[in-house]
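These notes are about the structure you will find just below.
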Amino acid sequence: MRIRPAEPGDAGQLVSLAEQVGREPGDFLLTTDAWRTVGEERRYLRAVRHHPDAAVFVAEVDGVVVGRLSLARDTHGASHHVADLGLMVAASYRRRGIGWALLERAVEWALAAGVRKLELHVFPWNEPALRLYEAFGFAREGLRVGHYARGREDVDAILMAYRVEPPAR
Ligand SMILES: CC(C)(COP(=O)(O)OP(=O)(O)OC[C@H]1O[C@@H](n2cnc3c(N)ncnc32)[C@H](O)[C@@H]1OP(=O)(O)O)[C@@H](O)C(=O)NCCC(=O)NCCS
């Protein structure tokens with residue numbers, strides 16, 4: 001397994017990964033409507049490639065993209081030290097340490113970018129993700145009540161954050 005920055009040529013695989021995960025019965029992802037088109041994804045990956053405030057990393061196994069982690073820094077000056085992250089791993093590749101390895105890569109990116117806090121939203125029913133984030137060191141910061149529209153319902157999300165510390169010398 002290899003973790004690397006996403007390239008525009010990954011767009012097709014990344015769209016199909018998101019569509020596969022989005023179709024799972026677990027209702028894990030925030031997006032309920034269609035993911036980006038391949039063209040939109042390619043444009044986004046191209047824009048992000050050299051952008052200082054955003055990044056996409058992929059996990060690749062035998063040339064196949066099986067995981068994705070996206071980061072985007074807050075645009076407001078007062079919270080410019082904070083970046084939001086999103087993560088997904090293909091169902092048949094879970095529980096092999098890929099999510100963990102992508103989070104480690106996110107922390108490396110944050111350290112290099114001067115980001116001091118990583119945050120994310122996770123649905124209260126998403127036990128695998130909650131377990132992963134808590135084991136990694138994310139703390140629950142609060143409950144965002146009715147924060148995400150899913151179909152006709154507004155559902156709650158747990159806000160979690162990780163304090164990025166430079167490695168001890
Ligand atoms: C959440 C998700 C990213 C985890 O990815 P993963 O590659 O399976 O995670 P890892 O293998 O790195 O797991 C590391 C640790 O997290 C915990 N963990 C992960 N999945 C777990 C599960 N299903 N049940 C219990 N603990 C779990 C365990 O402590 C695990 O260590 P272990 O396998 O040695 O026990 C993956 O399940 C996924 O993509 N789910 C669908 C999309 C999603 O929910 N994204 C997050 C939205 S906020």
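Counting convention: from 1, in listed order, for ligands and their atoms alike.
Separating the CG atom in Leu29 from the CG atom in Leu87 is a distance of 10.0 Å, to the nearest 0.5 Å. We find the CG-CG distance between Leu118 and Leu103 to be 8.5 Å, quoted to the nearest 0.5 Å. A distance of 7.5 Å separates CD in Glu141 from CD in Glu119, rounded to the nearest 0.5 Å.
Looking at Arg49 and Pro5, their side chains never come closer than 4.5 Å, going by heavy atoms from C-beta outward.
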Without placing hydrogens or testing angles, list every side-chain donor-acceptor pair under 3.5 Å for residues 51-59, not counting sequence neighbours.
unit_1 : atom_1 : unit_2 : atom_2 : d
His51  : ND1    : Asp53  : N      : 3.0

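Listed by chain and residue number, the protein contacts of ligand 1 are Val21, Phe28, Leu87, Met88, Val89, Arg94, Arg95, Arg96, Gly97, Ile98, Gly99, Trp100, His121, Val122, Asn126, Pro128, Ala129, Arg131, Leu132, Tyr133 (heavy atom within 4.0 angstrom).
The existence of a salt bridge linking Glu41 and Arg68 is confirmed by a sub-4.0 Å separation between a basic side-chain nitrogen and an acidic carboxylate oxygen.
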